[in-house]
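Heads up, the thing below is written out as structure tokens.
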Amino acid sequence: MTTLSVDFDALRRQTFGGMFDRSARDRAAADEILSGKIALRPHPVWEFDDDVDWQANPFGQRNWQAQLQMLRWLEPVRRVAMDGDEKARQFWIRMCKSWVAANPSSGYQPKDAHGGASYAWADMVEAMRALVLTFGLPLVEEDDRTWLLDSIVEHGTWLADPKHLGHSNHALHQHQALFVIGLVLGHDSWTQLAIQRLTELFEESYDDEGVNVEGAIAYHKNNLIWWEQAFKRLDVEGIPRPASASRLDLAHLELAHATKPDGTFELIGDTELSGPTGLSSPELDYVRTEGAMGQPPSDLTKIYRQGYVFGRSGWGDHERDFRKETFYSLSFGKANRVHGHQDGASLTLHSNGHPWLIDAGKYAYKQDAMRDYCLSRLGHNVVHIDGRTYDRKADVALLRAYTSDEVDDFTFVDTGYQDVTLKRRVVYCRGGEFLVVIDSVFSKKEITASQRWHIDAETAVDPVPGGFQLTKSDASAWIVWKGNMPSLSTVCGSEEPFDGWMAREWMDKKASPVITASQTGLRFRFITVIASPASGQFSVKKLQATGGRMSVTAQSGRHQFNLAVDEDGARVTLGDESDKPPATQDLKSAWMKTLDLCREAEVAWTAPKPAEGTFRTSYWDRLKTWIDDQPNRRSARLEALGILLDLLLDVPANSGDDQGLRAAVVDVLGTDLGEEVGLTPPDVGILREPLLAWSGGADLHSKTYKRDIRTIKTVDELVLNDGESAAIFAASRGGLVLPFAVGRGSTDLLSVRFHGAINRTKTTLPFFQGLTSEAAGNDNYALFQDPSLDLNKSMTLAWYLGDGTTDIHRYMAECIAKIQSETGAARVLLSGSSGGGFAAMQVASYLPDSVALVFNPQTDVKEYFRTSADTALASCLQENGGADGPRDFSKSTSVVSNYSELEKLPQVLYVQNTGDKHHVLKHRDPFLKMLESEHESYSDRIRFIDVDWGAGHVAATAELQAKYRGDALNAFQ
């Protein structure tokens, strides 16, 4: 007989967590149980008579057996009993007494009399039940409590014994239960033992990147929830968490990276169709709401040492539908993780709203052909060796990894098959949204290797030359092979041999296509190109592979991408390379070639040098001026080029913020020196055409827009010649160059456009958004490209902030006034979306007689997504000063601050997507609040229109833009 005191205050504090929390369904669930029905998800309902058969297994599922023994299904009954339901109280007591009588721990065997599993005292099962029994103590009268206390002590004694400990999350639940029992019963040694075990287990379970060791994204989420609950148990008792508990903050970030654009987790390991519901962090809020709330992660590609790579084309923060972004995953590491599969080097792909390459899934915890298939190599997008057994303890290594804005490059090695080495290289071209997979096979004996690709169910697989086109709904993807053509085949839903299956949910076995490419030999490779670009158009124009080098030329939408892959890495360029000058080996070779040319030209070596060897736009301004002042411009440019290339050699290739150094190199090269030195802009590391014409040098002509580029230094030089209908200008302004395209029309309207974020991986500067449509119309136009983009090749959005030495917004207003004079336009319409809308409103503040049409604009740069805002603010505002001394950037970075001080407001038509909660709350509302406070009659000048065109920061449709353009033009009347 046990005589113990119960700390009911501690019990009440500890009664929480998952199924122990109250639910709106408690009453209905309790009534169902009281009527003799038990629903243990995801299994069907089981009906029982007055007594429960504790050895029952009606569905042949070990998961069901374990849940029955946990007694958690009694929780709704306990809660309604706590509210005064006597029938429920008596039922709870009867069920628990029945279990206690039938399942003593003494003599427990993990196998029953028939050789099947027995879960009564299995690890984790006993822990869950211990909490059920402990939390039910208030239901039992004190004079009838002995049996229950005895059982709780029995559970505590069992849990404290190290020989009963499980591992991973099973041990976590055991430690929580021991902590609660020790706390409630005043057994301090159990409580302290539980705290010690929790601390040790946590540091084994999570690394310093916040990644759990269990090998499945679903269990990464589960463990995050369970560990938060465990640490909350410490919190409510005033016990400090271990210092390492901060790793859970990073666990939220990992789950955000593992979430596909459709809001669900990639099916890695034992993961079913699920997502990050019920969790919250800035990054998880963002992916859950498709970009409407929260903050996007800062990285497009994330590599986790525990064995995961997650990459994507974008986060939907640049006016592309979040759901349409491209996402891929790669797995590596140990095959025998707790809930892991034999998926080393497996690749999945989701793009344009659809899964294309998938994992076969989890299926269920039962021993059958489907479960074996899901666990094995056959269930993943890997190379399988026919007739060979894969080592379940294999550890697939990530040999090398390189990521940049343009390209991701990974190499894996797998020795899981005896006497065979598999080497997989995966290269992702972000701009073209295609992958190149190179699988190399090395064997001591002749083998047949099969490269396998699992395709999502309900996807049409149609043969095309060299491979297959995949079609689902309104989207397409392609898988094509180059080089030595393998034997191709497909299978779907075959029972013998068992192949062509997937399971998104528990026991949901679906037929799904599997594409197999096979080769036989000792040494061979598969070269596979996989694509699903946003344009829906893709083709491989050329592939050359010799030795360790390979080049792929692919047409993705309107753009041609040239991907070069060799042992040193991967490199992407845009456009036709047929007219490219002979390339030097590298930048250092180009620098040495430049120095040779300098010696031949007998340069005087009088160019100014950068202070402390650091490039700044202020230095570039001085260097440009020095070049212009020299009598021999070619000689001066060569000397300047030598200095700039020397500086560039110290800049890492994947470093974005160079303060315009790469752009300066391109401008000094022009087209003439570029041919002499053998350098093109892509060689320098930037997609940009030269914008500065040097006296005595070659004229500038834009290959992108098929027009000459005219360099100007003052607004007065902005002149349209007689009979000239269109021109591209490049205004040299301090250390920056402002490019803009101007056209003369037949109406009295000057249409001025500003762009928002641009995709730097597929856009060559200068960039004039809307030029085709404006040139096809009758209006005068001026399209401005943000010169600030030169400061950081990774920067996609900079709000025309400049470099800190000049007010680009004011300067553009001066240019627009001059263009208005040149074209004779009576009306000026400024328009832009997102960051372009911000620029339109800022420029409008200097042109109060203009009308600004803005869609979903930012009104304060600092309130935008930090990934873009922090980059722009850091890159653009380093040169804090000019002729008038240090500047106050509050007005240039905030429409709210700027407009609060205006005496006369410009006319603005502000069109807001109500589905973009971030922009409503962080930009529209603060701007409106300021207007109400500072401008009593603002509604006469600024009109707000709310429209819902989808979740997140997506661009308005062409129809919406045309509709509100008409409304904006009416404002002139």
Side-chain angles (χ1 to χ4, degrees), residues 260-263 290-291 300 311-328 347-358 406-408 427-437 453-482 513 515 528-543 552-563 572 574-576 757-764 769-770 772-773 949-961:
K260 299 186 297 181
D262 66 357
E290 299 174 1
L300 290 178
R312 62 187 75 217
S313 57
W315 289 103
D317 50 340
H318 293 149
E319 297 192 278
R320 180 176 178 181
D321 189 339
F322 178 89
R323 295 166 296 182
K324 300 293 185 180
E325 297 278 14
T326 291
F327 166 94
Y328 72 88
L347 167 70
T348 70
L349 176 67
H350 185 110
S351 186
N352 288 317
H354 300 289
W356 299 108
L357 304 181
I358 63 164
E406 297 83 18
V407 65
D408 297 339
V427 181
Y428 173 57
C429 175
R430 185 164 281 108
E433 295 184 90
F434 66 89
L435 297 122
V436 177
V437 180
W453 301 108
H454 286 254
I455 312 302
D456 190 59
E458 296 91 39
T459 301
V461 179
D462 299 307
V464 295
F468 297 91
Q469 179 175 350
L470 314 178
T471 307
K472 192 167 187 178
S473 185
D474 57 346
S476 293
W478 290 264
I479 304 179
V480 294
W481 284 263
K482 296 295 180 179
I515 297 172
T528 315
V529 182
I530 304 166
S532 179
S535 65
Q537 299 175 335
F538 181 82
S539 64
V540 178
K541 299 178 67 175
K542 182 175 64 175
L543 188 147
V552 179
T553 299
Q555 189 73 30
S556 183
R558 296 184 295 108
H559 303 280
Q560 177 176 303
F561 293 86
N562 310 293
L563 174 65
V572 178
L574 271 179
D576 187 0
I758 65 174
N759 188 332
R760 300 293 293 269
T761 65
K762 62 174 68 175
T763 304
T764 298
Q769 189 173 56
T772 301
S773 59
W949 64 75
H953 194 50
V954 293
T957 63
E959 291 76 14
L960 281 174
Q961 294 186 41

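- Of all the heavy atoms in T761 and F561, the pair that sits closest is O-CE2, 3.6 Å.
- In this structure, V954 and W949 approach most closely via the heavy-atom pair O-NE1, 2.9 Å.
- Screening residues 461-475 for salt bridge (Lys or Arg N to Asp or Glu O under 4.0 Å) gives D456-K472 as the qualifying pairs, with residues at least two apart or on separate chains.
- Here CG of L349 is found 6.0 Å from CG of L435. Values are rounded to the nearest 0.5 Å.
- At least one donor-acceptor pair closer than 3.5 Å links the side chain of N352 to the backbone N or O of S532.
- In this structure the side chain of W453 never reaches within 4.5 angstrom of the side chain of L470, judged on heavy atoms.
- The backbone N or O of A956 lies less than 3.5 Å from a partner atom in the side chain of Q961, making a donor-acceptor pair.
- H559 is listed as a side-chain neighbour of L574, based on a closest heavy-atom distance under 4.5 Å.
- Residues I530 and W356 fail the side-chain proximity criterion, which asks for heavy atoms closer than 4.5 Å.
- Here NE2 of H350 is found 10.5 Å from CZ of R323. Values are rounded to the nearest 0.5 Å.
- Taking every heavy atom of both residues into account, F322 and E290 meet most closely at CB-O, 3.6 Å.
- Here NE2 of H354 is found 10.0 Å from OG1 of T471. Values are rounded to the nearest 0.5 Å.
- Put simply, CZ on F538 and CD on Q555 are 9.5 Å apart, with the number rounded to the nearest 0.5 Å.
- Nearest heavy-atom pair, G316 versus E325, reported as atom, atom and distance to 0.1 Å: N-OE2, 2.9 Å.
- Atom NZ of K541 sits about 12.0 Å away from atom OG of S556, to the nearest 0.5 Å.
- Scanning all heavy atoms of the two residues, the minimum distance from F434 to A531 falls at CB-CB, 3.5 Å.
- Screening V437, V540, L563 for a side-chain contact (heavy atoms from CB on, under 4.5 Å) with V529, the sole residue that qualifies is V540.
- Rounded to the nearest 0.5 Å, atoms CD1 (I358) and OG1 (T459) are 8.0 Å apart.
- Annotation: side chain to side chain contact (heavy atoms under 4.5 Å, CB included) contacts of E433 (sequence neighbours excluded): S313, R320, T326, S351, Y428, P533, A534, K762.
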Check step by step if side chain to side chain contact (heavy atoms under 4.5 Å, CB included) holds for I455 and I479. CA-CA 11 Å; I455 312 302; I479 304 179; 4.1 Å; yes

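- Residues R312 and Y328 share a closest heavy-atom pair of N-CE2, 4.2 Å.
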